[in-house]
Amino acid sequence: MYRTHTCGELKATDEGERVTLSGWVDRIRDLGGVKFVILRDRYGKTQIVVNPDSPVYSKVDEISREDVIQIEGTVRKRPKEAVTNELTGEIEVVVERLEILSKSKLPPFYPGDEVSEEVRLKYRYLDLRSARMTNNLIVRHKMAFATRAYLSDKGFLEIETPYLTKSTPEGARDFLVPSRLKKGNFYALPQSPQLLKQLLMVSGMDKYFQIVRCFRDEDLRADRQPEFTQIDIEMSFVHMEDVLQLAEGLARHIYATIGINLPEKFDKVPFEEAMEKYGSDKPDRRYGMEMMDLTQYFKNSDFKIVKDIIDKDGFVKGFKANIPMSRKIADEYSEFVKGYGLGGILWFKIENGQITSTTAKYLENEYVAISKDYNVSEGDVFILAVHEDREKLNTALGALRLKIGKQYMKVSGYDALWVIEFPFLEWSDEEQRFVARHHPFTMPYIEDIENNVEPAKIRAYAYDMVINGFEAGGGSIRIHKREIQEKVFEMIGLSKEEANEKFGFLLEALQYGVPPHGGIALGLDRLVSIAVSVENIREVIAFPKTSSGTCLLTNAPSTVSQAQLDEVGITLKQ
RNA sequence: GCCUGUAUGGUCUAUCGGAUAUGACGCUGGAUUGUCGAUCCAGAAAGCAGGGUUCAACUCCCUGUACGGGCGCCA
């Protein structure tokens, strides 16, 4: 037996107990006479005492930090003055036997040291020994476990779908896997089990879920990895509201199991409102600073920057913030919004009851009117921008709002909401056609189509769950009638032949009695990162990739042998 | 594809167009009988790669590489 207890469980009540512990040597404190060894495992740390009369006294000199050792000894209470607040701070173990199970080479860092992420990723197995990383993985497990319990209770079946599947167009770039048996053919790793879970609905599975890996070969971000985990859900005989209720309940439940209370009711915010007020389809409302349309105040301005835009039927929008402002800061913000296609920002503040601004001499009347109507008071700063493209204006100001919020405001708590009524279509400059914004199986608002609403304004039964400004998940009600599906393909310029070639199996299935259905996928990585308050999902993934898609631990991706290439019939260029 | 930041002992970092490159942690050796980031003394240990500017480059410039953040992209 390697151990009778873990390093995190011995308490004062275990006094006198004879125990065997195994773990890593966290620290050795040699006081010349008495020596202390701190033994660590994922449950905690226990102090081992070695007195000069101990049978293993000289053996302690052979061990070093991060060795794996086993000890046998007796639990005793520490002297009063030596008690600490730690989990096992009341006791220590007087060692009688000590065995080195495995020596450690001098590590590049010790668990919990402040080290660059690059080094942490290279030695991820050491990094994961830290209490923080261990906790992140524990929280992740608890949330995944709670998900299974909750959904199983509600009658959902966890059903696996293949990872080696068919490449489908639309959406992200596929990771391809060459087929050896059918040379020249490729599997694709699924971007999500979307089509397969819909087929499960056709099969009558009624309520499906899966905690599943998804793969998208696109450039990475702090919250995007090439492979990530979704809580994938699909339900039959449901309306949008049923899916939202279920997902909301699930989110509340899994957060509750780790001690976080999400709001009783998630607000529903239409996409357009989110864009207008926050310039984002995943707003973090905790920062306040809602954006306002101020175009009317500038209709008669002759300040060139503004007039040029107004003459082109452009817009002026802005928001109020309680932040420091100076010429230098304004320049920085202007530079920032230039990255989003704007020319810069305008601003004014109220200082000593006066409007202060580098542009006050051109726009004083406008600023005064805005101050009055929007109750801009002493110390407030008002930031404005102009552009002829309203979407660009919203996005740029929204990004600035978020930057300012993160810089100056300490927010706490959890803001959870639904963004609904997403546009059904989206113009693709690259392809010069409308593409499905969510995916081509999403149910559009039929009345919008019947009322001949312009394509870009047709709404979809698509929804995103947003928590603290992160897109925690998204889904839609699907099309269950072949006629509508065909109409949609027509709208996105997909010919019958192409549609058949690409989604033939789904279209075929849609002819055999399909229940109305819909679903959602929640991003587990993001849910966990929100729960442990980190911005980067790498912190909650055991073995993540760098932003260039490599694994510093294994050095993947790497070249393969000519023989391997030959087997799958692939010749490399050059 | 584009923009941007970073690169100095094992780790985290300081400084400087010139001389012996700073400190902390860790490590090694020594001292030390109640520590808990133990303490005290001593020691070893470093400029990402290539090119350029210069009498002289770790420092300035360019290119590359790696890592971070963002835009595009991500149904």
Side-chain angles (χ1 to χ4, degrees), chain A residues 26-38 45-54 57 64-66 78-86 88-89 92 105-110 112-123 126-127 168-174 190-192 194-195 214-226 228 335-341 392 395-396 399 402-403 422 424-426 428-431 434-442 460 462 471 474-476 478 488 492 494 502-503 521 523 535-536 538 545-550 552 555:
Chain A
D26 193 61
R27 275 202 156 79
I28 303 163
R29 285 188 280 268
D30 179 352
L31 275 66
V34 65
K35 299 177 202 285
F36 297 100
V37 176
I38 309 302
K45 297 175 183 179
T46 298
Q47 173 162 286
I48 313 300
V49 206
V50 194
N51 282 306
D53 57 358
S54 166
Y57 189 69
S64 43
R65 295 175 70 178
E66 299 307 312
R78 295 189 188 188
K80 241 190 209 107
E81 63 277 10
V83 169
T84 70
N85 289 329
E86 281 170 67
T88 56
E92 59 195 7
K105 187 177 150 185
L106 188 64
F109 62 92
Y110 292 107
D113 279 1
E114 202 171 299
V115 192
S116 71
E117 199 185 1
E118 201 174 340
V119 177
R120 288 173 54 205
L121 288 177
K122 183 167 177 191
Y123 299 94
L126 297 182
D127 184 40
T168 50
E170 305 281 325
R173 197 174 292 114
D174 285 322
Q191 299 170 27
S192 86
Q194 184 58 41
L195 301 180
C214 302
F215 306 87
R216 293 179 191 174
D217 189 6
E218 296 293 345
D219 288 358
L220 310 185
R221 290 288 186 281
D223 62 350
R224 265 165 40 189
Q225 284 275 302
F228 58 97
E335 277 311 306
F336 180 78
V337 298
K338 276 179 194 170
Y340 290 84
K392 262 191 184 156
T395 307
L402 196 60
K403 175 187 161 76
F422 272 87
F424 180 58
L425 300 170
E426 192 172 38
S428 165
D429 276 337
E430 196 182 330
E431 301 185 46
F434 279 103
V435 297
R437 187 185 167 104
H438 186 58
H439 59 61
F441 318 108
T442 302
E471 183 191 325
S476 63
R478 330 295 183 189
V488 165
I492 61 173
L494 206 60
K502 289 163 178 171
F503 310 112
E535 297 244 319
N536 198 308
R538 289 190 300 270
K545 306 278 189 292
T546 68
S547 69
S548 47
T550 65
L552 296 179
N555 267 319

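Computation of the quantities below employed the complete heavy-atom set of this structure, encompassing side-chain atoms and omitting hydrogens, waters and symmetry-equivalent molecules. Residue numbers start from 1 in every chain, and the chains themselves are labelled A, B, ... in the order their sequence lines are given, proteins ahead of strands.
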K.L.:
Of all heavy-atom pairs between A:Thr442 and A:Phe424, which one has the smallest distance, and what is that distance?
P.N.:
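Heavy-atom minimum between the residues: O-CE1, 3.1 Å.
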K.L.:
Looking at every heavy atom in both A:Leu126 and A:Pro108, which two are closest together, and how far apart are they?
P.N.:
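That closest heavy-atom pairing would be CD1-CD, 3.7 Å.
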K.L.:
Quiz question: going by heavy-atom distance under 3.5 Å, is there a donor-acceptor pair between the base of B:rC74 and the side chain of A:Arg224?
P.N.:
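Answer is yes: a donor-acceptor pair is held.
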K.L.:
Identify, with sequence neighbours excluded, every residue that meets ring pair (Phe, Tyr, Trp, His ring centres under 6.0 Å) alongside A:Phe36.
P.N.:
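Per chain and number, A:Phe36 pairs via ring pair (Phe, Tyr, Trp, His ring centres under 6.0 Å) with no residue.
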K.L.:
Using purine N1 to pyrimidine N3 plus N6-O4 or O6-N4 for Watson-Crick, or N1-O2 and O6-N3 for G-U wobble, each under 3.5 Å, what pairs with B:rG9?
P.N.:
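Here B:rG9 is not engaged in any pair, so there is no nucleotide opposite it.
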K.L.:
Using purine N1 to pyrimidine N3 plus N6-O4 or O6-N4 for Watson-Crick, or N1-O2 and O6-N3 for G-U wobble, each under 3.5 Å, what pairs with B:rG37?
P.N.:
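None - no nucleotide pairs with B:rG37, as no candidate has both distances under 3.5 Å.
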K.L.:
If the C1' atom of B:rG5 is compared with that of B:rA42, how far apart are they to the nearest Å?
P.N.:
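Going atom to atom, C1' in each nucleotide, I get 40 Å.
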K.L.:
Watson-Crick or G-U wobble partner for B:rA49, using a 3.5 Å limit on both distances?
P.N.:
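Per the H-bond distance test, B:rU63.
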K.L.:
Say we look at B:rC25 and B:rC40: how far apart would their P atoms be, to the nearest angstrom?
P.N.:
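Taking atom P in both B:rC25 and B:rC40, they lie 9 Å apart.
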K.L.:
Taking only the C1' atom of each, what is the distance from B:rA7 to B:rU32 in whole angstrom?
P.N.:
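Comparing C1' positions in B:rA7 and B:rU32 gives a spacing of 41 Å.
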K.L.:
Distance check needed: B:rC27 C1' versus A:Glu66 CD, whole Å only.
P.N.:
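Nearest whole value for this atom pair: 14 Å.
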K.L.:
If I take atom CZ in residue A:Phe109 and atom C1' in nucleotide B:rU11, what distance separates them, rounded to the nearest angstrom?
P.N.:
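To the nearest whole Å, that distance equals 9 Å.
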K.L.:
How does protein contact run along nucleotides 31-37 of chain B, one letter per nucleotide 5' to 3', with B for base contact, S for sugar-phosphate only, - for none, heavy atoms under 4.0 Å?
P.N.:
-BBBBBS
K.L.:
Considering just the side-chain nitrogens and oxygens of A:Tyr110, establish if one lies under 4.0 Å of OP1 or OP2 belonging to B:rC27.
P.N.:
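The answer is yes; a side-chain N or O of A:Tyr110 sits under 4.0 Å from OP1 or OP2.
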K.L.:
B:rU54 pairs with which nucleotide, Watson-Crick or G-U wobble, both distances below 3.5 Å?
P.N.:
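Answer to the pairing question: none, since B:rU54 forms no Watson-Crick or G-U pair.
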K.L.:
State the pairing partner of B:rG17; accept Watson-Crick or G-U wobble contacts with both distances under 3.5 Å, and report none otherwise.
P.N.:
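Checking every strand shown, B:rG17 finds no partner, since no pair has both distances under 3.5 Å.
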K.L.:
Identify the nucleotide, in any strand shown, that forms a Watson-Crick or G-U wobble pair with B:rU28, with both distances under 3.5 Å; if there is none, say none.
P.N.:
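Checking every strand shown, B:rU28 finds its partner in B:rA42, with both distances under 3.5 Å.
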K.L.:
Is A:Glu117 salt-bridged to A:Arg120, cutoff N-O under 4.0 Å?
P.N.:
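Looking at A:Glu117 and A:Arg120, the cut-off is not met.
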K.L.:
Please state how far atom CD1 in A:Ile28 lies from atom C1' in B:rG26, giving the value in whole angstrom units.
P.N.:
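That distance rounds to 13 Å.
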K.L.:
Considering only nitrogen or oxygen atoms on both sides, find all protein atoms under 3.5 Å from nucleotides 64-71 of chain B and state each distance.
P.N.:
from: B:rA66; atom 1: O2'; to: A:Glu118; atom 2: OE2; distance (Å): 2.8
from: B:rC67; atom 1: OP1; to: A:Thr546; atom 2: OG1; distance (Å): 3.2
from: B:rC67; atom 1: OP1; to: A:Ser548; atom 2: OG; distance (Å): 3.4
from: B:rC67; atom 1: OP1; to: A:Thr550; atom 2: OG1; distance (Å): 2.8
from: B:rC67; atom 1: OP2; to: A:Ser548; atom 2: OG; distance (Å): 2.6
from: B:rC67; atom 1: O4'; to: A:Glu118; atom 2: OE1; distance (Å): 3.3
from: B:rG68; atom 1: OP1; to: A:Ser547; atom 2: N; distance (Å): 3.0
from: B:rG68; atom 1: OP2; to: A:Ser547; atom 2: N; distance (Å): 2.9
from: B:rG68; atom 1: OP2; to: A:Ser547; atom 2: OG; distance (Å): 2.4
from: B:rG68; atom 1: O3'; to: A:Arg538; atom 2: NH2; distance (Å): 3.2
from: B:rG69; atom 1: OP1; to: A:Asn536; atom 2: ND2; distance (Å): 2.7
from: B:rG69; atom 1: OP1; to: A:Arg538; atom 2: NH2; distance (Å): 3.0
from: B:rG70; atom 1: OP2; to: A:Ala222; atom 2: N; distance (Å): 3.2
from: B:rC71; atom 1: OP2; to: A:Arg221; atom 2: NE; distance (Å): 3.1
from: B:rC71; atom 1: N4; to: A:Arg221; atom 2: NH2; distance (Å): 3.4

K.L.:
In whole Å, measure the gap between the P atoms of B:rU13 and B:rG51 for me.
P.N.:
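My reading of the P atoms in B:rU13 and B:rG51 gives 29 Å.
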K.L.:
Are the side chain of A:Ser548 and the backbone of A:Thr550 linked by a donor-acceptor contact shorter than 3.5 Å?
P.N.:
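Flag not set: sc A:Ser548 to bb A:Thr550 has no pair under 3.5 Å.
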K.L.:
Using atom P of each nucleotide, how far apart are B:rU59 and B:rU53 to the nearest Å?
P.N.:
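Taking atom P in both B:rU59 and B:rU53, they lie 15 Å apart.
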K.L.:
Rounding to a whole Å, what distance do you find between A:Phe336:CZ and B:rC3:P?
P.N.:
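Rounded to whole Å, this separation is 18 Å.
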K.L.:
Does A:Asn51 reach the main-chain N or O of A:Asp53 with its side chain, forming a donor-acceptor pair under 3.5 Å?
P.N.:
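Absent.
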K.L.:
Grab the CG-C1' distance between A:Asp113 and B:rG26 for me, whole Å please.
P.N.:
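Distance, rounded to whole Å: 8 Å.
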K.L.:
Under 4.0 Å between a side-chain N or O of A:Ser116 and OP1 or OP2 of B:rC12?
P.N.:
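For B:rC12, OP1 or OP2 has a side-chain N or O of A:Ser116 closer than 4.0 Å.
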K.L.:
Determine whether a donor-acceptor pair (N or O, by modelled atom type, separation under 3.5 Å) exists between the side chain of A:Glu66 and the backbone of A:Leu106.
P.N.:
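No; zero donor-acceptor contacts below 3.5 Å.
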K.L.:
Is the backbone N or O of A:Ala172 less than 3.5 Å from a side-chain atom of A:Gln191, with the two atoms forming a donor-acceptor pair by type?
P.N.:
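Checking the backbone N and O of A:Ala172 against the side chain of A:Gln191, a donor-acceptor pair under 3.5 Å is found.
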K.L.:
Just how far, in rounded Å, is P of B:rU28 from CZ of A:Arg65?
P.N.:
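Rounded to the whole Å, the gap is 10 Å.
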K.L.:
Determine the interatomic distance between P on B:rU15 and the same-named atom on B:rC74; round to the nearest Å.
P.N.:
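To the nearest whole Å, 43 Å.
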K.L.:
If you measure from NZ on A:Lys122 to CG on A:Asn555, what distance do you get to the nearest 0.5 Å?
P.N.:
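A:Lys122 NZ to A:Asn555 CG: 8.5 Å, rounded to 0.5 Å.
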K.L.:
Measure the distance from CD on A:Glu335 to C1' on B:rG5 and round it to the nearest whole Å.
P.N.:
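Atom-to-atom, A:Glu335 to B:rG5, this comes out as 16 Å.
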K.L.:
Pick from A:Asp30, A:Thr46, A:Asp26, A:Ile48: which one makes a side-chain contact (heavy atoms from CB on, under 4.5 Å) with A:Val37?
P.N.:
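Going through A:Asp30, A:Thr46, A:Asp26, A:Ile48 one by one, the side-chain contact (heavy atoms from CB on, under 4.5 Å) with A:Val37 is satisfied by A:Ile48 alone.
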K.L.:
Tell me, do A:Pro440 and A:Leu494 make a side-chain contact under 4.5 Å, heavy atoms counted?
P.N.:
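Sidechains of A:Leu494 and A:Pro440: no contact.
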K.L.:
Measuring only the C1' atom in each nucleotide, how far is B:rU35 from B:rG9? A whole number of Å is fine.
P.N.:
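Nearest-Å result for B:rU35 against B:rG9 at atom C1': 30 Å.
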K.L.:
For A:Pro440 and A:Leu106, take the nucleotide of RNA chain B holding the closest heavy atom to each; which residue's nucleotide lies nearer the 5' end?
P.N.:
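Residue closer to the 5' terminus by nearest nucleotide: A:Leu106.
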K.L.:
Once you apply the 3.5 Å cut-off to both distances, tell me the Watson-Crick or G-U wobble partner of B:rC73, or none.
P.N.:
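Per the H-bond distance test, none.
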K.L.:
For B:rG23 and B:rA57, measure between their P atoms and round to the nearest Å.
P.N.:
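B:rG23 and B:rA57 have their P atoms separated by 25 Å.
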